[in-house]
Amino acid sequence: MAYNFKKIEEKWQNYWKQNNTFHVSNISNKKKFYVLDMFPYPSGAGLHVGHPLGYIASDIYSRYKRHKGFNVLHPQGYDSFGLPAEQYAIQTGQHPQKTTDENISRYREQLDRMGFSFDWSREIRTSDKTYYKWTQWMFLLLFDSWYDSNLQKARPIKELINHFKNKGTAEIINTSINFSAEEWLKFDSHQKEEILQEFRIAYLSEAFVNWCPKLGTVLANDEVIDGLSQRGGYEVVRKKMKQWSIRISSYSERLLKGLDKIDWPESLKDMQKNWIGKSKGAMIKFKINSSSKSISVFSTRPDTIFGATFLTLAPENELVTELTTKENKKEVEDYINSSSKKSERDRISDVKSISGVFTGSYVIHPFTKKLLPIWISDYVISTYGTGAVMAVPCGDARDYAFAKHFNIEIVNIFKDVNIDDEAFESKEKVQITNSDFLNDLDYHSAFDMACSKLNEISSGNKTVNYKLRDAVFSRQRYWGEPIPIYFKNDIPQPINLKYLPLELPNVKNYLPTENGDPPLGNAQNWGWDIEKNKVVSKSKIDEKKVFRIELNTMPGWAGSSWYFNRYMDPNNDQSFASKDALKYWKEVDLYLGGSEHATGHLLYSRFWQMFLYDMKLVNTEVYAKKLVNQGMILGNSALIYRDIDSGIFISSDSLDDEKIQKINVDINFINQNNELDLKQFMDWQPEYLEAKFKMKNDVFKVEREIQKMSKSKYNVVNPDDICDSYGADTLRLYEMFLGPIEQAKPWNTNGISGVFNFLNKVWKLFYDENNLIVVDSEPDIESLKILNQTIKKINHDIENFSFNTCVSSLMILVNKLTEKKCSSSKVLKPLSILLSPFAPHLAEELWFVLGNENSIIDEVFPEHDPNLLIEEEKNYPVSFNGKLKFQILLSNDLTKQEVEEIVSNHDLTIKNLNGKSIKKIIFVPNKIINVVC
RNA sequence: GCUCGGGUGGUGGAAUUGGUAGACACGUUGGACUUAAAAUCCAAUGAGCAGUAAUGUUCGUGCGGGUUCAAGUCCCGCCCCGAGUACCA
């Protein structure tokens, strides 16, 4: 009988479905274990081979834990709000809800084929109103909260208002606003709200966006390539807009400290640490020469203050207009204009070109009272520190280059250091000179001294700065959660929690309105009636009873920042999850997903959970104890060149000196010789219908590049074909066999037949051409030994998420059993269970043919018998330098004397006591001896 | 640019974390079975040199240095590739 994977897989998938095998209860006397995957965004391209990599790994672990006797929660859902569905809606006019639903059912079909042990009764979708109701609810909590820096936690805004009523801003730290209780009571509602906005965790502020004037819309960074829009290749500028933001920066210190409490990969923690970017330094105030104002600067090197010879401001700095003198006005405006066309990333990463412009104004050095010129340069970023830099050319490479370029004075404050050619950036082994009271001090003492002197003359103080910025929360998009806020006389008002969800309205057009409003501006019914407490027609807005509703929607990260809590109790409509459910499941025990989320989702969700914890809504501040990163499966992308000036597409082999933009095209349009099918390409998107090409010998070649597999890169490979020709079990094993899960790797199917052969070999241990050949007799000792070795190794390797080596071990075992013709049920039974997490369909079938009636999933995972694992000693000589040389590796129980005896004996061999019996092998005279004869 | 990874045969990758580099697969070559092919099974397979052969020997983990009796593994300096870089998810 042959291995019929199709029949087997169908049979067991149906069995699991009919028996609710993977349904998990919140009530159990077993220990709980929560295994979570990062839920997918249901893109139109379907599930690609990269998605299952993590899901297979987590499924193996979940099934393993279940075999070990845990009550395992292993849910799945969809992060179903997002940009691509909206872009598709713009192109086709179809409602994103419709395409999202279609994509989800496609995903579900694909997921079902792979035999995952998900409990689908707990499925969630972020775009479902029963889900986003709670996202909106949490947003309003953020709106109605402030961060108390004294207590280091979030508190209800009401408590702050009470505090203002009684004490004004007294005792409130980390704020620049000051008023008394009496003053507070006299403020009108506008003024009060303005002040509260400085404290609310969700607040309105001006922030920069990518604005494309030609398309009349805000673009995501992903839609901008080399400063031009991906669609059409138009100019994009940075423009200020009123935006909702989340004050995540107030949690900087806790987010940093919290890293110590979680078992996440060190590299990922490092990334978050650096992203939060804590640095110690000083806030230094420089008085402006020509006005009463001053410029505050954050510097990590207050010790070098006497080396400061100018100040540099970001072009966006609010003081720029005021500081610019008449003579410099045109130059400054031109400069600001040109830098608004550069992306922030380009500005920071371009270290080679030096640009800047003098404002014409000066500040006064707090100690020397010398005048320092104020310059503007776009390497200074408005969102880091104060958007102004104290430039010390002798101690900073960038300032040095800037000063040389513009002929600004350079003062050397480092004793015995030559700075003729470059700045001296080290803090170590140097004394300060030329610096008045800091002379002869080292870095640390000078740092402290400078800070205390600044404090004395009220020109600054020691401070800590974080790079982490508040998170912009508004999107000028349709397909996202509506923000449950209406505006009464321009004051944002929360919609009462009772009336959530605020449902996403229908619109005729998913593009921004003619006057530049977000797509929700197209909604007819988008007024909030405060008497009826419901949405009414916009035409009824009268600013008395009916008010306009916020037009922006929430970003993708809103719904994904708390979803792990929802799985615990997904159908609850009284709360986001019941207290009992939250208490039982508590937190995620194993979270599996890509490291590309390191500074996005994985930081936002930690913040969100901390906030919920502060609000006493969850029981733990840490939502995922352990995180394992799955490396990305990379795709082989195809890119074509577009001439920026003419818009003509250029074949990759006929590029001259054109300035080009690279565009990803669908890999399905490319043949084996990397040639593009022009017809398919032109039909692909409306804007390419009229495309013109520069070709060579009538063919158009593309460039190939390895990139992450993603719909936006059009390089997606589906797993369906592999399920069709080899089956899900083969796919599962193969994806694991490809390499360690943490490692990124390009997709290829070269070795898949090896894994398929393995499953066939397993099958042949049970069946010959016609019959079941399993026998009850005792197995031979060698088969038993290797079985026990494998059991030991697999237990160890699963716990360490080393699934690729598990597969290898299984292969070795099966090869051995085949060689030994071992068909004893005493070996095949444990083999089936070992196989179960990896190839669950086949394992179930084998378990069944061995005469068992119940699913294999609740069988106890085998433990090895230590008596069968006594290591054999291996003997072999080593030689080098033309002479025979022996290494004697000693076990701990050999004495020196015994060693000498062995050495003196000329009949030497080397004993390799194989790792287990001796832990560490160290050199002479302790445990290793080299002997030359 | 900055932060974090990675680089081992023709290919994917092993290597008990400093102790026999190349497990397990793929591919390739040869053989068995077959009229033939597919499938399956067996054998060889890092490169070079010597030898009919068993075998011996040199070189080999991106590049250049270093530490060590011993380095794929640790340290210093480079090169290349990937991810993220604050509105893709």
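By convention in this document, chain letters (A, B, ...) are assigned in the order of the sequence lines, proteins followed by strands, and residues within each chain are numbered from 1.
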Pick base, sugar-phosphate or nothing for A:Lys352, based on heavy-atom distances below 4.0 Å to the nucleic acid.
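Counting heavy atoms under 4.0 Å across all strands, no contact is made by A:Lys352.
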
A:Asp346 near the nucleic acid: base, sugar-phosphate alone, or nothing, with a heavy-atom cut-off under 4.0 Å?
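Nothing: the residue A:Asp346, judged by heavy atoms under 4.0 Å, touches no strand.
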
Which one, B:U3, B:C24, B:G13, comes nearest to the side chain of A:Asn274?
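Comparing B:U3, B:C24, B:G13 against the side chain of A:Asn274, the answer is B:U3.
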
Counting side-chain heavy atoms from C-beta on, which of B:A14, B:G1, B:G5 comes nearest to A:Asn804?
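When the side chain of A:Asn804 is considered, B:A14 is the closest of B:A14, B:G1, B:G5.
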
Salt-bridged, A:Glu223 to A:Arg477, with N to O below 4.0 Å?
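Salt bridge between A:Glu223 and A:Arg477, a charged N being under 4.0 Å from a carboxylate O: yes.
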
Counting the benzene-type ring for Trp, do [X] and [Y] have ring centres under 6.0 Å apart?
{"X": "A:Tyr41", "Y": "A:Tyr78", "answer": "no"}
{"X": "A:Phe607", "Y": "A:Tyr251", "answer": "yes"}
{"X": "A:Phe473", "Y": "A:Phe139", "answer": "yes"}
{"X": "A:Trp562", "Y": "A:Tyr131", "answer": "yes"}

Quick one, A:Asp470 and A:Thr383 - any side-chain contact, counting heavy atoms below 4.5 Å?
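No; the side chains remain at least 4.5 Å from each other.
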
Protein N or O to nucleotides 40-43 of chain B N or O, pairs below 3.5 Å:
unit_1, atom_1, unit_2, atom_2, d
B:U40, OP1, A:Asn757, OD1, 2.8

With Watson-Crick and G-U wobble geometry limited to distances under 3.5 Å, how should the secondary structure of RNA chain B be encoded in dot-bracket form, using | for bases paired to another strand and [ ] for crossing pairs?
(((((((..(((......[....)))((((((.......))))))(((((....)))))..(((((..]....))))))))))))....

Once base and sugar-phosphate atoms are separated, protein heavy atoms under 4.0 Å mark nucleotides 79-89 of chain B, 5' to 3', with B, S and - as ---SSSBBBBB

Assess the residue pair A:Trp244 and A:Glu550 against the criterion (side-chain contact (heavy atoms from CB on, under 4.5 Å)); give the C-alpha distance rounded to whole Å, side-chain angles, the decisive distance to 0.1 Å, and a yes or no.
CA-CA 10 Å; A:Trp244 284 99; A:Glu550 171 67 54; 2.7 Å; yes

Hey, could you give me each pair passing side-chain hydrogen bond (donor to acceptor under 3.5 Å, both in side chains) that has a residue in residues 757-769 of chain A? Not counting sequence neighbours.
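Residue pairs passing side-chain hydrogen bond (donor to acceptor under 3.5 Å, both in side chains), neighbours aside: A:Lys761-A:Asn815.
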
My understanding is that only residues two or more places apart in sequence, or in another chain, count here; which of them pass side chain to side chain donor-acceptor pair (under 3.5 Å) with A:Tyr55?
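Expected list: none.
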
Short side-chain donor-acceptor distance under 3.5 Å, A:Tyr379 and A:Asp399
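Looking only at side-chain atoms, A:Tyr379 and A:Asp399 do form a donor-acceptor pair, the distance falling under 3.5 Å.
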
Quick one: salt bridge (Lys or Arg N to Asp or Glu O under 4.0 Å) pairs with a partner in residues 732-755 of chain A, sequence neighbours left out?
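As it turns out, the salt bridge (Lys or Arg N to Asp or Glu O under 4.0 Å) pairs with a partner in residues 732-755 of chain A, which skip direct neighbours, are A:Asp59-A:Arg732.
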
Distance check needed: B:A23 P versus A:Gln789 CD, whole Å only.
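Taking atom P of B:A23 as the reference, CD of A:Gln789 is at 17 Å.
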
Torsion-based syn/anti label for B:G9, 90° from 0 as limit:
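Syn, which is what one calls it when the glycosidic angle falls within 90° of 0.
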
